[in-house]
Amino acid sequence: MSLREASGPYFGEFGGRFVPESLIATLDELTEAYEEAKADPAFSAELDHLNRTYTGRPSIITEVPRFAEHAGGARIILKREDLNHTGSHKINNVLGQALLTKRVGKTRVIAETGAGQHGVATATAAALLGMDCVIYMGEVDTERQALNVARMRLLGAEVVPVTTGSRTLKDAINEAMRDWVTNVATTNYIFGTVAGPHPFPAMVRDFQKIIGDEARAQVLELTGALPDAVAACVGGGSNAIGIFDAFLDDPDVALYGFEAAGDGVETPRHAATITKGRPGVLHGARSFLLQDEDGQTVESHSISAGLDYPGVGPEHSWLASIGRASYLPVTDAEAMDALRLLSRTEGIIPAIESAHALAGAIRLGKQLGPDAVILVSLSGRGDKDMETAAEYFRLLDERE
Amino acid sequence: MSKVETTIAARRDAGSGALIGYLPVGFPDLATSIEAAVTIAENGFDVIELGLPYSDPVMDGPVIQEATQTALAAGFRLRDAFTAVREITSRVDAPVLLMTYWNPVLQYGVERFAAELAEAQGAGLITPDLIPDEASNWLAASEATGLDRVFLAAPSSSDERLRTITELSRGFVYTVSTMGITGARAEVDSAARTLVARLREAGATNACVGLGISTADQVAEVLSYADGAIVGSALVRALSDGGLDALASTARDLASGASVQH
């Protein structure tokens with residue numbers, strides 16, 4: 001059976017709908033609307049049109065030989081989702097779900113955001129399609145990604161700093177769920193990753209699989225063969241599933257998800273969910289989870305706000321459990337080194353999230369040797385991370 | 001009939017309905033939370049709903065969130081819930097249900113959790129984020145132990161879902177009064193009355209209404225059409241602001257809406 005056909009609600013023993021009964025009717029409605037939209041050529045045509053004329057798809061691939069010299073000489077090819085409008089892969093999913101919102105006749109959208117990329121993409125789509133938009137963002141993240149808060153507000157969205165719990169992405173999701181339960185009659189929740197209750201894991205993957213579909217053809221055209229390995233960063237895991245999907249049925253292509261190891265997986269300060277977690281239920285799905293003995297969610301830590309999440313999409317948990325994909329940790333320090341290296345060798349400043357995949361690719365290149373071809377999902381650009389990078393590398397002159 | 005069902009039936013036969021009170025275990029500390037549950041039982045509440053603190057309570061509004069996060073910060077552990085249930089049931093007649101998000105039960109082990117709750121004389125579980133569709137292991141464990149299983153019904157639930165929820169619930173059906181989360185509201189949503197009627201159509205004998213009930217008048221209004229009224233945030237706020245004395249006084253006041261004679 002093709003691994004690409006998994007459509008939820010379950011991926012093996014993972015997934016499901018662990019949500020309050022109040023949300024079931026709307027999840028059913030969304031599932032049905034999505035199934036209809038998927039089968040409707042007019043919907044695909046409209047999304048395709050936006051992808052080409054608004055996002056700027058297809059995104060290019062870029063081979064990075066000077067960077068690759070530091071990765072055992074393997075050929076490294078970047079899939080440039082950083083060049084999309086709004087600066088990351090998040091727009092692929094948001095446009096799909098925003099069109100679906102229109103289709104179900106709702107006029108208000110809400111979303112959670114960590115790094116701000118999904119929030120910016122959602123605010124952008126809401127501006128484009130004339131919808132009201134509220135973005136929930138952990139207070140900690142509004143501080144470390146202040147420029148993205150300004151971008152969302154400039155786009156007309158209301159940004160609500162979330163002050164409960166760990167004040168990061170997981171709490172932003174809780175708050176968005178509470179809003180959704182209350183305002184479900186008018187509101188659609190544009191969920192940003194391949195986690196959450198069905199239909200989100202399957203639907204978000206379907207909107208993101210354009211990354212892998214394009215990249216597979218582009219790499220074949222460039223090199224005449226499939227890559228030996230595909231690398232992506234994994235927080236919730238939407239860019240990773242997006243680039244993995246096209247290769248799931250190519251058993252010779254190794255798939256690697258790189259999780260945020262923060263200070264290191266031997267410390268408590270990390271976000272390496274599959275590496276260090278165990279199965280549990282959070283935000284509506286059964287999946288790997290960072291939790292204590294009592295099932296209380298443990299706070300995650302990563303220099304990258306977009307990977308700072310104690311859960312992961314259920315399809316990743318499934319791919320890990322059946323051995324189809326490998327999930328490995330990358331520390332803050334490794335990611336930041338890779339970020340600087342790509343900037344200096346290729347003139348491309350990646351998002352800190354994507355730098356985790358680059359650090360992983362360096363490791364893979366050294367293992368696989370100079371004959372290997374490694375495709376890396378460069379999921380976002382680093383402009384939003386300048387403040388963090390400036391502080392980390394002490395790039396600004398000291399002021400009195 | 002389970003003890004919760006017997007209790008509700010007795011209140012209905014007396015011409016009123018059951019008053020059900022929610023308090024988080026471990027807030028402000030374990031000993032006080034036990035005293036608090038005993039206090040409301042001694043001041044007119046018929047059934048205790050003990051909330052298990054959880055890190056990600058998506059169905060709860062600010063008052064209950066704050067209380068449960070305080071309990072967690074003070075070092076609440078799951079095993080404390082069994083201690084509390086055991087002590088409360090040894091001191092008062094009111095049956096004690098645990099209200100818990102699903103992951104703590106899952107991590108403890110569904111069978112083990114059920115067995116220890118039954119052993120502590122707990123009445124069963126209210127499961128805000130576990131729908132019957134995902135509950136096969138809990139259905140089995142509650143059958144084996146005889147524990148009540150209270151599922152939620154929402155104004156948005158289809159007739160077919162209401163039938164399933166009614167059929168698989170034991171104790172009562174938690175009738176969500178409004179599309180929303182826990183917390184006091186000026187008025188109980190008229191959707192509650194409609195939903196109770198729909199649940200009766202679906203065969204429910206015990207439909208108890210929760211969310212937004214915070215005054216004696218609201219209790220009386222709800223009990224005019226439902227089998228029970230569930231109060232949460234108003235009790236938590238009283239305990240939080242004025243301690244056990246304030247809680248006792250708030251409980252007595254709410255109980256006047258259920259025509260309880262003391």
Side-chain angles (χ1 to χ4, degrees), chain A residues 9-10 15-29 162-167 169-187 189 196-198 277-287 289-299 310-311, chain B residues 52-62 65-66 68-69 72-73 75-81 100-109 113 127-135 151-158 160-162 164-165 173-183 191 211:
Chain A
Y10 298 98
R17 297 195 297 182
F18 295 85
V19 293
E21 173 67 23
S22 303
L23 287 178
I24 295 299
T26 206
L27 289 173
D28 281 343
E29 177 195 63
V162 175
T163 56
T164 53
S166 60
R167 298 179 293 133
L169 179 57
K170 111 183 154 62
D171 306 283
I173 294 175
N174 292 340
E175 208 52 34
M177 294 255 241
R178 292 184 187 112
D179 179 318
W180 203 27
V181 168
T182 308
N183 300 302
V184 72
T186 59
T187 299
Y189 185 1
H198 180 69
R278 61 177 201 280
V281 167
L282 177 68
H283 296 146
R286 187 170 188 279
S287 193
L289 177 60
L290 296 176
Q291 56 185 325
D292 70 12
E293 191 192 340
D294 281 357
Q296 309 288 355
T297 310
V298 166
E299 284 180 26
Chain B
L52 220 148
Y54 173 56
S55 52
D56 297 276
V58 293
M59 264 298 277
D60 287 311
Q65 275 182 52
E66 198 176 308
T68 53
Q69 300 316 298
L72 285 175
F76 169 82
R77 295 297 310 268
L78 282 192
R79 57 176 175 266
D80 298 338
T100 178
Y101 291 90
W102 195 235
N103 197 47
V105 180
L106 206 55
Q107 298 308 318
Y108 204 81
F113 195 100
T127 51
D129 65 347
L130 184 72
I131 57 173
D133 323 42
E134 303 282 1
F151 291 111
L152 276 58
S156 57
S157 304
S158 66
E160 188 190 348
R161 291 194 64 79
L162 292 184
T164 307
I165 288 161
V173 176
Y174 194 118
T175 310
V176 173
S177 69
T178 185
M179 296 301 286
I181 54 175
T182 61
L211 259 59

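Chain A is the first sequence line, chain B the second, and so forth, proteins listed ahead of strands; every chain is numbered from 1.
Proximity to chain B is limited to the side chain of A:T164, based on heavy atoms less than 4.5 angstrom apart. Only the side chain of B:L106 comes within contact range of chain A, with at least one heavy atom under 4.5 Å from a heavy atom of that chain. For A:I173, no part lies near chain B; criterion is any non-hydrogen pair under 4.5 Å. For a residue to count as touching a neighbouring chain, one of its non-hydrogen atoms must lie under 4.5 Å from one of that chain's; by this rule B:V176 touches chain A with the side chain only. Residue A:E299: no heavy atom, backbone or side chain, is found under 4.5 Å from chain B. At a 4.5 Å heavy-atom cutoff, A:P9 makes no contact with chain B through either its backbone or its side chain. Only the side chain of A:R278 comes within less than 4.5 Å of a heavy atom in chain B; its backbone stays farther off. Interface remark: B:R161 contributes side-chain atoms only to the contact with chain A (heavy atom separation under 4.5 Å).
The CG atom of A:D294 lies 7.0 Å from the CZ atom of B:R79; values are rounded to the nearest 0.5 Å. In this structure, CG on A:L282 lies 5.0 Å from OH on B:Y54, to the nearest 0.5 angstrom. Note that CG of A:L289 and CD of B:Q107 are 7.0 Å apart. Values are rounded to the nearest 0.5 Å.
The main-chain N or O of B:P57 is found under 3.5 Å from a side-chain atom of A:R178 such that the two form a donor-acceptor pair. Between the side chain of B:N103 and the backbone N or O of A:V281 there is at least one donor-acceptor pair closer than 3.5 Å. The backbone N or O of B:A153 lies less than 3.5 Å from no partner atom in the side chain of A:E21, so there is not a single donor-acceptor pair. A:Q296 contributes a side-chain N or O that, together with a main-chain N or O of B:P53, makes up a donor-acceptor pair within less than 3.5 Å. In terms of modelled atom types and a separation under 3.5 Å, the side chain of A:S22 and the main chain of B:M179 share no donor-acceptor contact.
Of all heavy-atom pairs spanning A:T182 and B:I181, the tightest one is OG1-N, 4.2 Å.
Annotation: B:E66, atom CD; neighbour count of heavy atoms from other residues, nucleotides and ligands within 6.0 Å does not exceed 12.
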